[in-house]
Amino acid sequence: MRVDDFYDRHPISEPQVLAAVARRRGGDLSRLGPDDLFEFDQDHYGGLKAVDELARRAGITAASRVLDVCAGLAGPARFLASRRGCRVLALELHAGRAAGGVRLNRLVGLDGRVRVVRGDATALPFRSASFDACVSQEALLHIDDKLAVLAGCRRVLVPGGRLAFTDWIAHASLGERERARLVEWMAATTLQSLDSYRALLGRAGFVRVEAEDLSDEWRPLVKARLATFRALRGDLAARLPETRARDYEQLYAFFVGLLEDGKLGGGRLSGSA
Ligand SMILES: C[S@@+](CC[C@H](N)C(=O)[O-])C[C@H]1O[C@@H](n2cnc3c(N)ncnc32)[C@H](O)[C@@H]1O
């Protein structure tokens with residue numbers, strides 16, 4: 001499956017975020033601030049706490065120029081800008097998600113500090129040494145050439161700048177047929193182990209590399225997310241044919257099963273340029 005097709009039918013989208021916020025506020029979408037969106041606009045595991053942890057490892061301060069690679073609807077970028085006071089450039093491939101990110105930034109008055117650029121993480125369209133920190137969450141799993149992304153981040157960081165990201169991690173027991181299904185169903189490709197990611201970071205030129213296994217932390221989170229998708233089925237079915245809404249749930253249940261069996265997990269990696 002192509003990444004764009006996967007995100008065309010993903011349950012987290014701009015209309016879903018706005019519908020959830022409207023429900024929460026009795027239909028009133030006026031005078032929204034970034035905090036009104038945070039419960040709904042983060043597409044990774046562990047919510048705002050996970051973004052905070054990454055920001056700490058990436059050394060992000062108010063003075064940082066931050067690049068969020070594969071930024072989705074720019075939810076984490078808005079959180080970083082609003083809490084840390086930094087400027088964030090949110091790079092996103094999917095046209096609908098990039099446009100949604102622009103509109104959500106404007107809606108909550110953060111368009112001055114969070115800029116969205118539509119582009120491919122394997123060919124970062126930025127000058128060398130133009131960022132102090134790079135972050136990314138649950139996205140490199142979609143990209144074949146992970147070394148190209150990491151080397152690109154190394155190039156656009158200033159010397160000593162920090163990269164911190166989280167991603168799916170393949171454990172040794174993940175079989176070839178399961179890998180093939182993840183490619184076909186979730187556009188999840190060339191999944192790495194923590195050790196192979198360490199090696200890739202080294203090849204990309206990063207030093208002071210750190211790797212943490214988040215698999216135990218993620219297991220209950222992905223189960224909770226599956227329950228949320230099930231609860232959202234009504235919303236999803238309104239936008240997609242019912243069979244596609246059900247398909248999404250089934251493939252997500254397959255993914256959750258791999259985590260429960262210890263075949264897949266999560267990792268947080270960081271390094272200095
Ligand atoms: C699971 S979402 C995570 C979004 C965001 N990081 C967050 O935590 O809310 C993964 C995102 O990566 C984007 N993506 C996948 N491949 C990409 C690429 N080659 N370049 C840029 N973005 C990409 C997808 O379109 C999707 O929006």
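Atoms within each ligand, like the ligands themselves, are counted from 1 in listed order. Note that the coordinates shown come from a computational prediction; the quantities given were computed from them, not determined experimentally. Along the sequence shown, residues are numbered consecutively beginning with 1. Only this structure's heavy atoms are used, side chains among them; waters, hydrogens and symmetry mates stay out.
Within a 6.0 Å radius of CZ in Arg83, more than 12 heavy atoms belonging to other residues, nucleotides or ligands are found. Around CZ of Arg203, the count of heavy atoms belonging to other residues, nucleotides or ligands within 6.0 Å does not exceed 12.
Using a 30° and 60° split on the angle between ring planes, Phe255 and Trp168 fall in the parallel class, below 30°.
Proximity of Ala71 to ligand 1 is established by a heavy-atom distance of less than 4.0 Å. Ligand 1 does not have Ala187 within reach: every non-hydrogen atom of the residue lies 4.0 Å or more from it. Under a 4.0 angstrom heavy-atom cut-off, Thr122 registers as lying outside contact with ligand 1.
Closest protein heavy atom to atom 20 (N) of ligand 1: Ala121 N, 2.9 Å. Val3 CG1, 3.5 Å is the protein heavy atom nearest to atom 15 (C) of ligand 1. Protein heavy atom in closest approach to atom 8 (O) of ligand 1: His44 ND1, 2.7 Å. From the protein, the heavy atom lying nearest to atom 10 (C) of ligand 1 is Tyr7 OH, 3.3 Å.
With a heavy-atom cut-off of 4.0 Å, Cys70 touches ligand 1 through backbone and side chain alike. Of all the heavy atoms of Asp120, the ones lying under 4.0 Å from any atom of ligand 1 are found in both the backbone and the side chain.
Look at Asp52 and Lys49 and you find no salt bridge, because none of the NZ, NE, NH1 or NH2 atoms lies under 4.0 Å from a carboxylate O. With salt bridges taken as basic N to acidic carboxylate O contacts below 4.0 Å, one links Glu14 and Arg103. Note on Asp4 versus Arg97: no salt bridge recorded, every NZ/NE/NH1/NH2 to OD/OE distance being 4.0 Å or above. Look at Glu212 and Arg268 and you find a salt bridge, because one of the NZ, NE, NH1 or NH2 atoms lies within 4.0 Å of a carboxylate O, short of that distance.
Closest to atom 17 (C) of ligand 1 by heavy atom, among Val69, Ile12, Leu93, is Leu93. When the options His94, Arg97, Glu92 are ranked by their closest heavy atom to atom 24 (C) of ligand 1, first place goes to Glu92. Looking at Asp43, Val117, Asp144, Leu141, it is Asp43 that brings a heavy atom closest to atom 3 (C) of ligand 1.
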Apply side-chain hydrogen bond (donor to acceptor under 3.5 Å, both in side chains) to the pair Ser215 and Asp213, showing each step before the final yes or no. CA-CA 6 Å; Ser215 304; Asp213 193 332; 2.6 Å; yes
Residues Asp145, Thr122; criterion side-chain hydrogen bond (donor to acceptor under 3.5 Å, both in side chains); working and verdict: CA-CA 7 Å; Asp145 191 352; Thr122 60; over 6 Å; no
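The contact set between ligand 1 and Gly72, taken as ligand atoms under 4.0 Å from a residue heavy atom, comprises 4 (C), 5 (C), 27 (O). Remark: ligand 1 atoms within the under-4.0 Å shell around heavy atoms of Pro76 are 7 (C), 8 (O), 9 (O). Listed by number with element, the atoms of ligand 1 under 4.0 Å from a non-hydrogen atom of Ala139 are 10 (C), 12 (O). With ligand atoms numbered from 1 in the order given, ligand 1 contributes 20 (N), 21 (C) to contacts under 4.0 Å with heavy atoms of Gly119.
With Ser270 as reference, Arg162 is the one residue of Arg162, Arg56, Arg57 to meet the side-chain hydrogen bond (donor to acceptor under 3.5 Å, both in side chains) rule.
Polar contact check, Glu138 against ligand 1: no nitrogen or oxygen pair lies under 3.5 Å apart.
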Ignoring hydrogens and angles, write down the donor-acceptor pairs under 3.5 Å from the side chains of residues 174-187, residues two or more places apart or on other chains.
{"unit_1": "Glu178", "atom_1": "OE1", "unit_2": "Gly175", "atom_2": "N", "d": "2.8"}
{"unit_1": "Glu178", "atom_1": "OE2", "unit_2": "Lys263", "atom_2": "NZ", "d": "2.7"}
{"unit_1": "Arg179", "atom_1": "NH1", "unit_2": "Leu191", "atom_2": "O", "d": "3.2"}

